[in-house]
Amino acid sequence: MLAATLAGCAQPPSQHARRGGEFFSVARYGPASPRVVDDGEPVPRGGGQYLVGHPYTIAGRTYYPSENAHYAAVGLASWYGDAFHGRRTANGEVYDMGSLSAAHPTMPLPSYARVTNLGNGYSMIVRVNDRGPYAPGRIMDVSSRVADMLDFKSAGTAKVKVEYVGPAPLAGTDDSSLVASLRTDGKPATLDGSPASPTLVAEAEPEQPAPQPRPAVAERPREDGPPFVAAANPKLMKAPPPPARPFDLGAIARVLDTAAAAPLPPPRRPVMQASAGERTLYFADRETPALRRLRGDPFARVTEGDPR
């Protein structure tokens, strides 16, 4: 019975990855990548590839990697260290437990993410270059150093908010800027150290210049309002206003037709100012010798038989 009990508790060496008190179930999560850097040797930075990947299944759950610029989630974060130190990450980089890196199940690799410890308000930017975690309820694994800086390493896990920030360069030499991103004043971290806005860094648009006031323009008069008159010109002030608009051309034609159809009055004879004698001569029935003499006709006496 004792032998059977010991045999039931024993596990083949290939079923576990255990180092420094850390445990990783190979049977549940699959084999870990081979170690390429020994303890005490410097871990190279970068050297990986940009990777999104295809859907995959771990421990009965399927994950769908994607480029989601608006990703944000709240859940538990854990940390991993010596058991994976010096091993290849999912995109080909080498994991360093002293770096400011993290693992996420679906984010593009490598990328930047903002991790905020909701218990104390500490926030910083990390480099996501690996896949995981796969334990229920966990949304991110951070390196041993990140857990120290966010002050939850001794607790093992912490409730955090994870937000996608943007793609990270393949070079991987970004530890100094990531250390500078740490905020312990309750404000969200950014890569340049300034307070973050609700807009993601990767989605931020260039600042637009402030609109300049447009010069004042004199308003045109309305068609149905009073005519526009320039007060500075006295001639225009005396000009009669135009007729109301729009002109009724039909009414004007009707007025002209009515005026043309009306009979015209006869012309008046001129009034002549003359004496009674002149009016008598003017309206005489026929020309008399006296009239001819009055007109100065030299042949009047001859034609009338006047001997003079």
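Side-chain atoms are counted along with the backbone in the values below, which use heavy atoms only and exclude waters and symmetry mates.
Note on residues 91-109: pairs passing salt bridge (charged side-chain N to carboxylate O under 4.0 Å, His left out), not counting sequence neighbours, are Arg45-Asp96, Glu93-Arg127.
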(message) Apply side-chain hydrogen bond (donor to acceptor under 3.5 Å, both in side chains) to residues Thr62 and Thr57 and explain how you reach the verdict.
(response) CA-CA 4 Å; Thr62 302; Thr57 301; 2.9 Å; yes
(message) What verdict does the side chain to side chain contact (heavy atoms under 4.5 Å, CB included) test give for Met107 and Tyr164, after you've listed the backbone C-alpha separation in whole Å, the side-chain angles of each residue and the deciding distance to 0.1 Å?
(response) CA-CA 8 Å; Met107 280 189 185; Tyr164 177 80; 4.1 Å; yes
(request) Take Val74 and Leu118, measure what side chain to side chain contact (heavy atoms under 4.5 Å, CB included) needs, and give me the verdict at the end. (result) CA-CA 9 Å; Val74 174; Leu118 298 180; 3.7 Å; yes
(request) Take Thr106 and Val52 through the side chain to side chain contact (heavy atoms under 4.5 Å, CB included) test and state the conclusion after the steps. (result) CA-CA 8 Å; Thr106 59; Val52 177; over 6 Å; no
(message) As a quick check of understanding, evaluate side chain to side chain contact (heavy atoms under 4.5 Å, CB included) for Tyr112 and Asp174, giving each step before the final call.
(response) CA-CA 10 Å; Tyr112 289 132; Asp174 48 13; 2.8 Å; yes
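Side chains of Met124 and Val126 form a contact here, defined as non-hydrogen atoms less than 4.5 Å apart. Leu178 places a side-chain heavy atom less than 4.5 Å from the side chain of Leu191. Residues Arg87 and Val94 form no side-chain contact, since every pair of their non-hydrogen atoms from C-beta on lies 4.5 Å or further apart. Side chains of Tyr71 and Val162 form a contact here, defined as non-hydrogen atoms less than 4.5 Å apart. Two residues are said to be in side-chain contact when any heavy atoms from C-beta on lie closer than 4.5 Å; Ser99 and Asp175 meet this criterion. Here the side chains of Ile125 and Thr190 are not in contact, with every heavy-atom distance at 4.5 Å or above. No side-chain heavy atom of Ser176 sits under 4.5 Å from any side-chain heavy atom of Val179. Between Tyr80 and Tyr95, some side-chain heavy-atom pair lies under the 4.5 Å cut-off.
Once rounded to the nearest 0.5 Å, the distance linking OG of Ser143 with NZ of Lys153 reads 9.0 Å. Note that CD of Gln49 is 9.0 Å distant from CG of Leu170, once rounded to the nearest 0.5 Å. Taking CH2 of Trp79 as the start and CE of Met97 as the end, the distance is 8.5 Å to the nearest 0.5 Å. Of the inter-residue distances, the one linking Asp130 atom CG with Arg88 atom CZ reads 12.0 Å to the nearest 0.5 angstrom. Here CG of Asn91 is found 8.5 Å from CZ of Arg131. Values are rounded to the nearest 0.5 Å. Asn117 CG to Lys161 NZ: the interatomic distance, rounded to the nearest 0.5 Å, is 13.5 Å.
No continuous path of ILVMFWY side-chain contacts below 4.5 Å connects Tyr122 to Leu76, so the two sit in separate hydrophobic clusters.
Minimum heavy-atom separation, Ala77 to Val160: CB-CG2, 3.5 Å. Pro105 and Tyr56 make their closest contact through O-OH, 2.7 Å (heavy atoms, listed as atom of the first residue, atom of the second, distance). Across every non-hydrogen atom of Ala103 and Pro133, the tightest pair is O-CD, 4.0 Å. The shortest heavy-atom contact between Pro65 and Gly53 is CB-O, 4.0 Å. Residues Ser123 and Ala189 share a closest heavy-atom pair of OG-N, 3.1 Å.
Ring pair Tyr63/Tyr134: centre-to-centre distance below 6.0 Å.
No donor-acceptor contact under 3.5 angstrom links the side chains of Asn68 and Ser66, judged on distance only.
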